[in-house]
Amino acid sequence: MGTAPLPPGQRLAKGWPVSHYGPVPKFRPDRWNLQVFGATATGDKYAWTFDEVSELPGITIETDLHCASGPTTTGHEFFGIPAAAILGLAPPAPQVTHVMAWAEYGYSANLRLSDFTSGRTLLATHHNGEPLTVEHGFPLRLVVPHLYGYKGPKWLRAIEYMTADRRGFWEERGFHNLADPWKEQRHSYQEEWHSGPGTSASPSGTARTRTSDPS
Ligand SMILES: Nc1nc2c(c(=O)[nH]1)N[C@H]1C(S)=C(S)[C@@H](COP(=O)(O)O)O[C@H]1N2
Ligand SMILES: [Mo]
């Protein structure tokens, strides 16, 4: 154990400390659902109860979790629904390029569709064989193993299909829009002009082809 290299600038944390912004929400099964909305193929919204979500076929992955403020925790085995399966259950319109993953209390994280459908991205229900603890996201959390932790909302409640990029909670508060820990994409000031959604005055919505590195 402990021999896998850590991403640059990360330090190994002991155990699995809890880290998030705001209070831990209560799970109310009678009110809980998982929604898919936004640019669906038919324009319909989808919603599943927790029982329905629990019946969807799952897979197990092993991963480390990298918090953008430095700690990495290791030895996580998550079980859950491959995020890519959501696209089969709730087909997106062909123009969808990004998703917003929404959690309780309005926490959100934006992802490129390719990060969401990447084979190891999970809507996780279990950790190391047990249901998630409430501090770590019970009943459902997104796990995006190849990105910093802030891209994985705990207490996940909805997926919004988007036809353009839009910044989520931490992405609006100075964190990097893409969040690749191996490239140490922590801060929004590191972003190249084309890697994040700009304001209406910026060119980021008009040119998507990378021809050279401006930095
Ligand atoms: N709903 C919600 N999810 C969240 C956060 C949060 O503040 N709220 N913080 C994120 C961040 S920054 C990290 S590093 C991980 C931490 O997850 P852990 O406490 O299970 O290690 O949760 C992510 N998911
Ligand atoms: Mo984090």
Side-chain angles (χ1 to χ4, degrees), residues 2 4 6-28 31-35 50 53 60-81 83 99-112 115-116 118 120-160 166-191 196:
L6 298 186
Q10 292 296 112
R11 58 182 182 273
L12 192 62
K14 282 221 175 82
W16 193 15
V18 172
S19 141
H20 58 263
Y21 178 86
V24 173
K26 263 211 184 74
F27 175 53
R28 295 189 179 85
R31 293 196 215 159
W32 192 96
N33 59 16
L34 175 69
Q35 300 184 14
F50 186 64
V53 168
T60 298
I61 62 149
E62 281 178 36
T63 188
D64 298 343
L65 291 178
H66 313 293
C67 175
S69 65
T72 286
T73 57
T74 60
H76 302 288
E77 188 189 273
F78 286 104
F79 170 85
I81 305 135
V99 307
M100 191 73 79
W102 288 100
E104 303 284 358
Y105 302 139
Y107 183 89
S108 61
N110 57 317
L111 293 160
R112 296 178 292 195
D115 291 318
F116 184 70
S118 152
R120 281 159 44 83
T121 301
L122 286 191
L123 281 64
T125 55
H126 290 71
H127 179 265
N128 293 359
E130 302 285 338
L132 287 168
T133 61
V134 66
E135 295 82 8
H136 289 297
F138 178 84
L140 193 67
R141 84 179 282 171
L142 193 66
V143 176
V144 188
H146 62 287
L147 300 179
Y148 281 124
Y150 62 90
K151 291 293 189 180
K154 307 194 269 194
W155 316 295
L156 184 72
R157 287 296 305 274
I159 301 299
E160 177 186 358
R166 201 173 80 229
R167 303 180 84 91
F169 181 86
W170 285 120
E171 295 83 357
E172 279 188 332
R173 289 167 175 80
F175 284 84
H176 200 287
N177 194 51
L178 298 178
D180 181 343
W182 300 98
K183 296 182 182 162
E184 215 172 347
Q185 294 174 330
R186 290 179 208 273
H187 309 291
S188 55
Y189 62 73
Q190 298 170 298
E191 288 171 20

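Atoms within each ligand, like the ligands themselves, are counted from 1 in listed order.
Looking at residues two or more places apart in sequence or on another chain, you find no salt bridge (charged side-chain N to carboxylate O under 4.0 Å, His left out) involving Arg173.
Between the OG1 atom in Thr121 and the CG atom in Asp115 there is a gap of 7.0 Å [rounded to 0.5 Å].
Legend: salt bridge (Lys or Arg N to Asp or Glu O under 4.0 Å) pairs involving residues 124-146, not counting sequence neighbours: none detected. Sequence neighbours left out, the pairs with a member in residues 142-160 that pass salt bridge (Lys or Arg N to Asp or Glu O under 4.0 Å) are Glu104-Arg157, Lys151-Glu171, Glu160-Arg166.
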N/O pairs closer than 3.5 Å, ligand 1 and protein:
residue  : atom   : partner : partner atom : Å
ligand 1 : 1 (N)  : Lys154  : O            : 3.0
ligand 1 : 3 (N)  : Lys154  : N            : 2.9
ligand 1 : 7 (O)  : Tyr21   : N            : 2.7
ligand 1 : 17 (O) : Arg141  : NH2          : 3.1
ligand 1 : 19 (O) : Ser19   : N            : 2.8
ligand 1 : 19 (O) : Ser19   : O            : 3.3
ligand 1 : 19 (O) : Lys154  : NZ           : 2.6
ligand 1 : 20 (O) : His136  : ND1          : 2.6
ligand 1 : 20 (O) : Arg141  : NH1          : 2.6
ligand 1 : 21 (O) : Trp16   : NE1          : 2.9
ligand 1 : 24 (N) : Gly152  : O            : 2.9

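For Phe138 and Phe27, the gap between ring centers is short of 6.0 Å.
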Requested in this report: Assess whether side-chain contact (heavy atoms from CB on, under 4.5 Å) is satisfied between Phe169 and Tyr21, documenting all intermediate values.
Outcome: CA-CA 10 Å; Phe169 181 86; Tyr21 178 86; 3.5 Å; yes
